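Throughout, a chain's letter reflects where its sequence line sits, starting with A, and its residues are numbered from 1. These figures come from a predicted structure and were not determined experimentally.
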Protein chains: 2
Amino acid sequence: MKKTETRIQKKNHSAIKSAGLKVFAQFGFRGSTLDQIAAESGLSKPNILYYFASKEAIYEALLAQLLTDWLQPVRDIDPAGDPVEEILKYAKHKLKMSRLYPRESRLYATEIIQGAPRIKSVLTGELRDVVENLALLINHWADAGSIRAVDPYHLIFSIWAMTQHYADFEVQVKAIWGERDHFEDAEQYLEDMLRRMLTV
Amino acid sequence: MKKTETRIQKKNHSAIKSAGLKVFAQFGFRGSTLDQIAAESGLSKPNILYYFASKEAIYEALLAQLLTDWLQPVRDIDPAGDPVEEILKYAKHKLKMSRLYPRESRLYATEIIQGAPRIKSVLTGELRDVVENLALLINHWADAGSIRAVDPYHLIFSIWAMTQHYADFEVQVKAIWGERDHFEDAEQYLEDMLRRMLTV
DNA sequence: TAAGAATTTGACCAACTGGTCAAACTGACG
DNA sequence: CGTCAGTTTGACCAGTTGGTCAAATTCTTA
């Protein structure tokens, strides 16, 4: 059973995870140091290791949280809803997560690019299952004629690719697009694209 | 002026860059070590530093090469060609590069995710200019009625996002799609998407 | 083939790494 | 106020890091 956290524990666990997210998202696991996380969180290095067993434990706590948040919106897609609107709702939700939590997106991206050494089992397990179910649903919608027939997997990949691009490649987007907000227009473009793809 | 490389220099420079690409693409600059590159290239660590001044020099040589290869296909787009086919040609070329050179793609991705500390000037300079020109061309095509009016920047972002996704997130794609080649179907999906987006 | 140039290496270094530990400090609560 | 669990830290450690250097080895070419 889980003991309730003290006030200080709650504060410090949260400070460490927040600092870890910032550092790991930028430098990856191997490129990040406890000293960086210590400096970022305002705690001393030994104190950090009082709250987390190791550097790896911080990283894994972040990944675990991330995967939960990532997968839930896929599960929230309503098979009884309007197909195009449901897919659109999901895509917009994903885009909003990119805008609100770009560091989480980047942390995930670095983990995947590095070959997902710590979460490969989740990818081939939970993630795969969830996506397979969604693909079945999309195919079912296509068979029923509610949407145009498209490869469901590549449809999903394209939604992921585009939404995450705006978070992961933010410096590049900003270098080209300028500093003004690009998410507004991105949403419109994404909606236009998906409607064109899904409407007969 | 550049002295011609000896046989050995050519061989070793190439071996080091190849090894560096492999290591840097996986762990990013800070996460990679000279020992890893040494082991991967079959050379001793001091010998590597005989050919490159520092770890950073190897990384920068790779990035410079990369940016050239990345930008050229954009420049190769023919303003006099058929608009849809030209954009399609570019997108397919980019996808082929993701299939043939996934490590280069990942190296670039890690650099951008980390905030592009070493190539930000290229992003806001050369890259920005090249993309701006392409955007003007696309708008021109749209004005002439040869393609549907779309935001040219987000069109370009979507092509980049999707093509690079198959290289950078390869483990995730494979976890879901299985080990069989996904690039074939990806090309078909991409073509379908772009034709839908660009055809009136 | 001999000499000089190019290449390779083992030994080494200072800075940094993740992590430990005993001692000191702080806060909550009877 | 006293006590004790909970918290914080300075000093420290062994392993790793990027990089140096003089000496040894191998190539090339006159």
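- With sequence neighbours left out, A:Y108 forms a ring-ring contact (aromatic ring centres under 6.0 Å, His included) with A:W70.
- Nucleotide D:dA11 holds its P atom 18 Å from the CG atom of A:L49, rounded to whole Å.
- Judged as a salt bridge (charged side-chain N to carboxylate O under 4.0 Å, His left out), the pairs with a partner in residues 87-102 of chain A (not counting sequence neighbours) are, in order, A:E86-A:K89, A:K92-A:E187, A:K92-A:E191.
- One interatomic measurement links the two molecules: CD of A:E56 to P of C:dG19, which rounds to 8 Å at whole-angstrom precision.
- Applying the 4.5 Å side-chain rule to ILVMFWY residues, one finds B:I113 in the same cluster as A:I113.
- For the segment residues 26-42 of chain A, the set of residues with a heavy atom within less than 4.0 Å of an atom of DNA chain C comprises A:S32, A:T33, A:L34, A:D35, in numerical order.
- Residues forming a ring-ring contact (aromatic ring centres under 6.0 Å, His included) with B:F24 (at least two apart in sequence, or on another chain): B:F29, B:Y59.
- Under the side-chain hydrogen bond (donor to acceptor under 3.5 Å, both in side chains) criterion, B:E60 pairs with no residue at all, not counting sequence neighbours.
- Under the side-chain hydrogen bond (donor to acceptor under 3.5 Å, both in side chains) criterion, A:N12 pairs with A:Y51, sequence neighbours left out.
- Taking atom NZ on A:K45 and atom P on C:dC16, their separation rounds to 11 Å, with Å as the unit.
- Sorted by first then second residue, the salt bridge (charged side-chain N to carboxylate O under 4.0 Å, His left out) pairs that include residues 27-51 of chain B, not counting sequence neighbours, are B:K22-B:E40, B:D35-B:K45.
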Can you list, pair by pair, the side-chain donor-acceptor contacts under 3.5 Å of residues 145-157 of chain B, counting residues two or more places apart and other chains?
{"residue": "B:S146", "atom": "OG", "partner": "B:W141", "partner atom": "O", "Å": "3.4"}
{"residue": "B:R148", "atom": "NE", "partner": "B:M197", "partner atom": "O", "Å": "2.9"}
{"residue": "B:R148", "atom": "NH2", "partner": "A:D192", "partner atom": "OD2", "Å": "2.7"}
{"residue": "B:D151", "atom": "OD1", "partner": "B:Y153", "partner atom": "N", "Å": "2.8"}
{"residue": "B:D151", "atom": "OD1", "partner": "B:H154", "partner atom": "N", "Å": "3.1"}
{"residue": "B:H154", "atom": "ND1", "partner": "A:Y166", "partner atom": "OH", "Å": "2.5"}

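- Helix-axis bend for the helix from C:dT1-D:dA30 to C:dG30-D:dC1: the local axis fitted to the five terminal pairs at one end deviates from that at the other end by 10°, rounded to 10°.
- Neither OP1 nor OP2 of C:dA6 sits under 4.0 Å from any side-chain N or O of B:Q9.
- Note on A:Y51: only backbone sugar-phosphate atoms sit closer than 4.0 angstrom, heavy atoms only; bases stay farther off.
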Got a list of protein N/O to nucleotides 21-28 of chain C N/O distances below 3.5 Å?
{"residue": "C:dA28", "atom": "OP1", "partner": "A:R7", "partner atom": "NH2", "Å": "2.8"}

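- When the side-chain hydrogen bond (donor to acceptor under 3.5 Å, both in side chains) test is applied to A:Y101, no partner is found at least two apart in sequence or on another chain.
- Side chain of B:S41 to backbone of B:A38: a donor-acceptor contact under 3.5 angstrom is found.
- Inter-residue side-chain proximity for B:E126 and B:L67 is flagged as unmet; no heavy-atom pair is nearer than 4.5 Å.
- Taking atom CD1 on A:I48 and atom P on C:dG19, their separation rounds to 11 Å, with Å as the unit.
- Listed pair A:Y50 / D:dT7 meets the phosphate criterion, a side-chain N or O lying under 4.0 Å from OP1 or OP2.
- Taking 4.0 angstrom as the limit, A:S54 places none of its side-chain polar atoms (N or O) nearer than this to OP1 or OP2 of C:dG18.
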